[in-house]
Protein chains: 2
Amino acid sequence: MRTQLRTIKGIIKEQIAGGLYTCQQKLPSERELSELFQTTRIILKDALIGLETEGLIYREERRGWFVSPPRLKYNPLSRSHFHRMVAEQQRQASTRVLDIKTELASSDVAKVLELKSLQSIHRIQRLRSVDNRVVLFVENCLITTLFPGLLQHDLSQSLTSLYKEHYGYHTVHSHFDVIPTAAPEHVAKALNLAEGQQILKICRVNYNQNGLLMDCEFEYWRPDAVMIRIDSNEH
Amino acid sequence: MRTQLRTIKGIIKEQIAGGLYTCQQKLPSERELSELFQTTRIILKDALIGLETEGLIYREERRGWFVSPPRLKYNPLSRSHFHRMVAEQQRQASTRVLDIKTELASSDVAKVLELKSLQSIHRIQRLRSVDNRVVLFVENCLITTLFPGLLQHDLSQSLTSLYKEHYGYHTVHSHFDVIPTAAPEHVAKALNLAEGQQILKICRVNYNQNGLLMDCEFEYWRPDAVMIRIDSNEH
DNA sequence: CCTAATTTTTGGACTAGATCAGAAGGCGAC
DNA sequence: GTCGCCTTCTGATCTAGTCCAAAAATTAGG
């Protein structure tokens with residue numbers, strides 16, 4: 001079927017491929033585009049949503065639509081730090097600590113950390129950007145008893161090196177899940193997404209050299225910003 | 001904000017959690033639901049799309065909306081056959097061969113298979129179901145010269161065992177990418193999706209015991225049907 | 001019973017608007 | 001300069017429908 005929707009998607013796609021818009025550039029507003037294509041905002045928006053699903057464009061809530069840069073290649077099995085990984089791909093990384101607190105584990109977290117009763121955890125929320133675009137919300141939950149005095153350290157750096165230098169812990173084993181789902185409210189807010197938009201959730205659990213479960217990490221990626229690449233030899 | 005959209009999503013979510021609808025059961029039609037919730041079809045559909053994004057429900061094109069069963073846990077690194085993996089999770093698998101042909105590699109495929117000039121490949125398209133629900137479209141592209149007389153074999157079974165028994169090939173090394181993107185037309189049709197709907201694409205490349213690139217595989221999963229689970233020890 | 005034509009149901013595409021809330025920018029008071 | 005207000009711009013939510021195409025159910029004919 002040659003529908004309007006298809007046609008519009010096709011044209012915008014070509015314009016992006018042809019370089020009319022460059023990476024991270026803002027598209028005209030929905031109102032302007034719908035006028036340009038002689039259609040209603042609803043159909044135009046459906047077209048944009050289609051391209052968003054494909055990973056060609058992304059939106060920032062109430063800010064507009066933008067062209068997606070190439071996906072970052074990410075291997076969750078590698079112990080490489082975020083900043084190093086990004087730099088290796090000729091991109092620029094930055095991290096901002098959003099919140100740090102010590103609190104009782106929620107039932108979700110308790111389950112992942114295999115805690116029997118309600119137990120205290122350190123909860124660190126950070127926001128990571130690539131080339132000045134916010135793409136990842138990370139939440140780390142560490143078992144308090146294993147990390148005394150954690151809050152006194154600089155948490156804007158890599159947690160892996162902090163574990164090693166201050167506590168002598170190495171991550172020798174980990175497992176993780178990759179789940180396509182919707183952004184929960186606090187994540188959506190941090191990533192400038194509308195609530196309920198698609199994200200890629202990675203839930204990882206780390207064990208130290210004594211086989212002890214140390215912490216877990218919830219990563220919420222903007223889905224157009226990343227591709228997971230795993231090699232069976234590289235670990 | 002307490003919007004209608006949120007409220008409707010919340011109610012349907014509760015109804016699903018509360019067991020009003022069971023797995024794979026059809027929800028009432030969009031028209032019925034919009035009347036029930038005293039709203040327009042557009043808003044109601046937005047609510048359903050939200051739940052779809054979360055992975056709670058799924059749709060079959062022009063058939064209706066259904067409640068998603070629990071996600072299948074899938075480890076692309078494990079050499080386990082699809083049918084065995086599904087059986088291990090107390091679910092029932094089935095596979096249907098859609099199409100087999102021998103043709104010149106498209107530029108996409110040629111790139112993945114590292115073919116220098118246009119070269120012939122065997123292309124096998126299969127459709128896989130779990131508990132009678134179609135969840136996965138798989139396309140295998142094998143380098144023709146490595147698999148003489150392939151078309152004479154039974155291709156409804158596992159390709160891995162076919163490689164081993166008839167050609168003496170073992171997959172000793174592989175790498176793969178996981179990409180959230182939209183379903184291309186032929187995939188959407190096979191999975192009963194509307195074109196452009198969200199899928200999880202896994203693109204894998206296999207090498208045999210001589211380090212020779214043998215084949216690649218494109219998997220297109222219904223995103224609510226699967227979660228990828230990888231353990232750093234298990235390979 | 002089976003097959004084929006027909007009707008009904010379904011979601012998909014579409015129109016033409018209004019209202020709302022948050023983000024961003026400009027402007028004035030200090 | 002900077003802080004707060006206020007306007008403008010943006011997408012998000014919402015109304016009230018129509019028409020279309022494919023799927024499913026029903027019906028009629030053999």
Side-chain angles (χ1 to χ4, degrees), chain A residues 1-12 25-53 57-67 132-134 182-183 185-186 188-198 222, chain B residues 1-12 25-53 57-67 133-134 182-183 185 188-198 222:
Chain A
M1 280 298 308
R2 265 257 67 75
T3 63
Q4 232 186 114
L5 196 63
R6 267 191 180 226
T7 312
I8 296 174
K9 275 170 65 173
I11 292 174
I12 300 181
Q25 187 183 333
K26 190 177 167 304
L27 301 183
S29 72
E30 291 180 7
R31 273 165 253 253
E32 272 180 74
L33 285 173
S34 62
E35 224 169 294
L36 215 77
F37 286 106
Q38 300 265 300
T39 186
T40 56
R41 269 188 69 202
I42 292 196
I43 293 302
L44 184 104
K45 190 168 192 163
D46 281 348
L48 294 179
I49 289 175
L51 298 176
E52 180 189 43
T53 302
I57 60 177
Y58 63 94
R59 56 181 139 168
E60 306 239 350
E61 203 189 13
R62 282 175 225 275
R63 243 166 292 233
W65 294 84
F66 303 84
V67 177
N132 289 315
R133 178 189 166 207
V134 175
E185 201 180 353
H186 69 293
K189 194 160 275 178
L191 290 175
N192 298 326
L193 293 166
E195 195 196 334
Q197 266 186 250
Q198 171 79 205
R222 268 192 179 262
Chain B
M1 280 301 306
R2 267 254 67 74
T3 64
Q4 235 186 112
L5 197 63
R6 266 192 181 225
T7 311
I8 296 174
K9 274 170 68 174
I11 293 175
I12 300 180
Q25 187 183 330
K26 190 177 167 303
L27 299 183
S29 72
E30 290 180 8
R31 272 165 252 255
E32 272 180 75
L33 285 173
S34 63
E35 223 169 294
L36 215 78
F37 286 107
Q38 300 266 300
T39 187
T40 55
R41 263 185 74 201
I42 292 194
I43 292 303
L44 184 104
K45 190 170 190 161
D46 281 348
L48 293 178
I49 290 174
L51 298 176
E52 179 188 45
T53 302
I57 60 176
Y58 63 94
R59 57 181 139 168
E60 306 240 350
E61 203 189 13
R62 280 175 227 275
R63 244 167 292 234
W65 295 84
F66 303 83
V67 177
R133 178 189 166 207
V134 175
E185 201 180 353
K189 194 160 276 181
L191 290 175
N192 298 326
L193 294 166
E195 194 194 337
Q197 267 187 248
Q198 171 77 206
R222 268 192 179 261

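Proteins come first, then strands; the chains are lettered A, B, ... in the order of their sequence lines, and each starts at number 1.
Side-chain contact, Gln197(B) with Glu52(B): a donor N or O sits under 3.5 Å from an acceptor N or O.
Scanning both residues, Ile8(B) and Ala47(B), for their nearest heavy atoms gives CG2-CB, 3.8 Å. The heavy-atom pair separating Glu195(B) from Ala183(B) by the smallest distance is CG-O, 4.3 Å.
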Provide a list of protein-nucleic acid N or O atom pairs under 3.5 angstrom, restricted to nucleotides 12-15 of chain C.
residue	atom	partner	partner atom	Å
dG12(C)	OP1	Arg59(B)	NH1	3.3
dG12(C)	OP2	Lys45(B)	NZ	2.4
dG12(C)	OP2	Arg59(B)	NH1	3.4
dG12(C)	N7	Arg41(B)	NH2	3.0
dG12(C)	O6	Arg41(B)	NH1	2.9
dC14(C)	OP1	Gln4(A)	N	2.7
dC14(C)	OP2	Leu5(A)	N	2.9
dC14(C)	O3'	Gln4(A)	NE2	3.3
dT15(C)	OP1	Gln4(A)	NE2	3.4
dT15(C)	OP2	Thr39(A)	OG1	2.8

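What separates CZ of Phe37(B) from P of dC14(D) is a distance of 13 Å, to the nearest Å. Remark: P of dG11(D) and NZ of Lys189(A) are 20 Å apart, rounded to the nearest angstrom. The distance between atom CG of Leu44(B) and atom C1' of dA16(D), rounded to the nearest whole Å, is 15 Å. Counting to the nearest Å, the P atom of dG11(D) and the CG atom of Asn192(A) are 14 Å from each other. To the nearest angstrom, C1' of dT10(C) lies 15 Å from CD of Glu35(B). Summarising the geometry, the separation between CG on Leu33(A) and C1' on dC9(D) is reported as 14 Å, rounded to the nearest angstrom.
Both the sub-6.0 Å distance and the 45° axial angle are satisfied by Arg133(B) relative to the ring of Tyr58(B).
Between Arg59(A) and Glu30(A) there is no salt bridge, since none of the side-chain N atoms of the basic residue sits less than 4.0 Å from a carboxylate O of the acidic one.
Distance alone, capped at 3.5 Å, places no donor-acceptor pair between the Thr39(B) side chain and the Glu35(B) backbone.
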